[in-house]
Amino acid sequence: MTFRLAKCLSSPGSTLLYSRHSSLGLRASRWKSTVSGQVEHGEEKEGATAKPFEAIPGPKGLPFVGTALHAALGGWMDKLHIHSQNRWRQYGSIFKETIGPQTWVTIADPDDVAAVLRAEGRYPRRYAFESFIMAREIMDKKLGVFLENDETWQHYRTLLNKKLLRPQQAAVFTPLMDEAACNLVSYLRRKRDQGGRVTDFQGHLFRWSMESGSTAMFNQHLGLLSENPPQLAKDFISSIIKILDTTNAMMTFPPKVHKALNTKAWRDHLEGWQTCFEITKQLIQEIMEREMERKEEEEEMPDLVSYLLSVKLSPEEVLANIVDVLGAAVDTTSNTMCFTLHTLARHPNIQEKLHDEVVRFAPDHQAPVTQEQVHKMPYLRGVIKEVLRLYPVTYINSRVLNHDAVVCGYKIPAGKTIIICPYVMGRDPKNFDNPEEFHPERWYRENSKNLKAFAWLPFGFGPRSCVGRRIAETEMHLALIRICQNFKLEQEKPEELVGKVRALLVPEKSVDLKLIDR
Ligand code: HEM
């Protein structure tokens, strides 16, 4: 079947039919294609009955800008996760909407999502923010794994998989990440006021995730959690924040318009990218210099930069890939941890249960925490999974169709973007019982057997899924263990946690918590 599907996908001019059986879930055998006018069995009927793209339901909007003005005036660009949920309820299993420069077809039924993702072929494509690509063109910089496509993407991706996803590599970065988690604890102690309060967890956790994530790339600490963090790394963080803060504006109106009018948002966006590239370049240089001084035996597991250079990527390609990987690593993990700590403070019973498990399997504050210990903690892993279900930082994901296709009975031309909604799927009662409840036990092996496949997709799926998943999960587990060992988290004013969209789903307000020593 795989062969047949791959053959269909690589045939020029073919139309894929993405269908699912209403009661039995996906039936792979029903995927068909027309190849150069030849019709495979049974396909003609389904293709012929498919409705045209224009018939996909959705808001009409205005010519050229679609619902961008509604979004700007109604202020819902930063609530796109809720907006998608409302549209989904209003229009049903598939809807289409043009917001500014992009027309998106949205699906959020796990079976439809499975059908699209399972047929994506060798070179899956995601929707790429036009402004990200434009900025690189203007700066004359290359695209890295996040933005590249086709053979070049696959080349980068194969190299990165070897360094970031392999268990042998995890053995190198786990102890360093554990040190970063311990440093986070000391750092938070220093940030506490006299009443034990720490304000703006977002900023603190941003530092931690850059510190922790970069150990997996550079095999060394940047020192961001120390008393005097290096200016370079602090500037990198500011540049990423600048890029993310201006991304919503680039989504509401075409970046070309922003550029032509030289808007403040565009200037900031571009400046963010320029600083990000300059700093990453300097960071790489510093790391390479330090690396030269290191001992020979450490060369067995070279850091990511040395490795990429050793496999003959040019310095420009290495720079572009490090920018892409670091850029994807920092805000995702830090905001997920923010949601996690806030949720634990809000649910003292859950926090105590987690603490009991941590004390049982990692009782010694001084001893290193290992992957084996983490594997013995299903509740801990359930907490993170539950946070990613309710607050997936990547609240939407996407695929740009390589071929004309039929999705949910509608003809979708090649090049159109299909939006997949982990946020909507994670809160749909058809997929999860009592979806609004935070219930880590639902992820225990015996309970999760009955969960719907593809309903939980915070890291995406397939060959284009998150290359940093192992790193992200490892660092979040370790940080949570260290925080639980050392602190009880409390909220001064118990508050519902509300998310907003700033390219990713992030907490709307500053997360402020009280840390009481255990
Ligand atoms: C909570 C943490 C994280 C979440 C929820 C997350 C989620 C995602 C998602 C949904 C995608 C798109 C996958 C797809 O299209 O199917 C992605 C891609 C990516 N992520 Fe992550 N991510 C996280 C952390 C990280 C970390 C720590 C790194 C780096 C160490 C990283 C590096 C990347 C890269 C480079 C890509 C692009 C991969 C490609 O296009 O081939 N991510 N991530």
Side-chain angles (χ1 to χ4, degrees), residues 113-114 116-118 120 122-129 132 143-161 163-166 169-170 173 176-177 180 205-206 208-218 240 303-304 308 320-340 381 383-400 417-423 425-426 454 456-480 503-506:
V113 169
V116 170
L117 290 177
R118 282 192 173 136
E120 61 188 6
R122 287 178 73 191
Y123 307 129
R125 278 175 183 240
R126 261 192 317 274
Y127 169 82
F129 293 115
F132 289 14
L143 307 179
V145 69
F146 193 77
L147 295 171
E148 256 304 351
N149 284 312
D150 304 322
E151 286 93 347
T152 312
W153 162 76
Q154 198 189 41
H155 179 50
Y156 294 159
R157 181 67 203 229
T158 310
L159 298 173
L160 290 169
N161 282 353
K163 283 303 283 182
L164 303 181
L165 283 174
R166 287 219 175 137
Q169 198 60 31
F173 62 65
L176 288 167
M177 281 183 179
L205 291 174
F206 209 104
W208 156 77
S209 74
M210 179 151 178
E211 179 70 27
S212 181
S214 49
T215 62
M217 277 161 248
F218 307 134
I240 295 280
D303 65 278
L304 185 60
L308 293 177
N321 276 292
I322 297 292
V323 165
D324 275 14
V325 174
L326 262 186
V330 181
D331 221 25
T332 43
T333 316
S334 64
N335 281 299
T336 305
M337 274 305 283
C338 246
F339 283 121
T340 307
R381 298 198 306 275
V383 165
I384 296 292
K385 285 194 153 188
E386 212 38 4
V387 168
L388 285 167
R389 177 180 70 80
L390 285 168
Y391 307 102
V393 280
T394 39
Y395 67 103
I396 53 173
N397 194 3
S398 63
R399 286 295 178 264
V400 178
T417 301
I418 305 274
I419 295 287
I420 295 159
C421 291
Y423 181 86
M425 292 195 293
F454 288 83
W456 184 84
L457 277 185
F459 293 103
F461 175 82
R464 192 114 213 194
S465 66
C466 178
V467 71
R469 178 175 179 172
R470 184 184 286 278
I471 291 174
E473 288 179 331
T474 304
E475 58 189 355
M476 291 191 293
H477 291 147
L478 293 170
L480 202 49
L504 298 170
L505 183 67
V506 304

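Counting convention: from 1, in listed order, for ligands and their atoms alike.
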Taking a 3.5 Å cut-off between nitrogen or oxygen atoms, can you list every pair linking ligand 1 to the protein, with distances?
residue	atom	partner	partner atom	Å
ligand 1	15 (O)	R126	NH1	2.8
ligand 1	15 (O)	N397	OD1	3.4
ligand 1	15 (O)	N397	ND2	3.2
ligand 1	15 (O)	R399	NH1	2.8
ligand 1	15 (O)	R399	NH2	3.3
ligand 1	16 (O)	N397	ND2	3.2
ligand 1	16 (O)	R399	NH2	2.7
ligand 1	16 (O)	F461	N	3.2
ligand 1	40 (O)	R126	NH1	3.3
ligand 1	40 (O)	R126	NH2	2.7
ligand 1	40 (O)	V145	O	3.4
ligand 1	40 (O)	R464	NE	2.8
ligand 1	40 (O)	R464	NH2	3.1
ligand 1	41 (O)	W153	NE1	2.8
ligand 1	41 (O)	R157	NH1	2.8

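Between F129 and F132, the ring-plane angle classifies as tilted under the 30° and 60° cut-offs. Ring geometry for F339 versus Y391: interplanar angle under 30°, hence parallel rather than tilted (30 to 60°).
Note on R125 versus D150: salt bridge recorded, some NZ/NE/NH1/NH2 to OD/OE distance being below 4.0 Å.
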_Test side-chain contact (heavy atoms from CB on, under 4.5 Å) applied to I396 and Y423, step by step_ = CA-CA 7 Å; I396 53 173; Y423 181 86; over 6 Å; no
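Cation-pi check for R470 over F459 is not met; the charged atom does not lie both under 6.0 angstrom from the ring centroid and within 45 degrees of its normal.
With sequence neighbours excluded, no residue forms a side chain to side chain donor-acceptor pair (under 3.5 Å) with R166.
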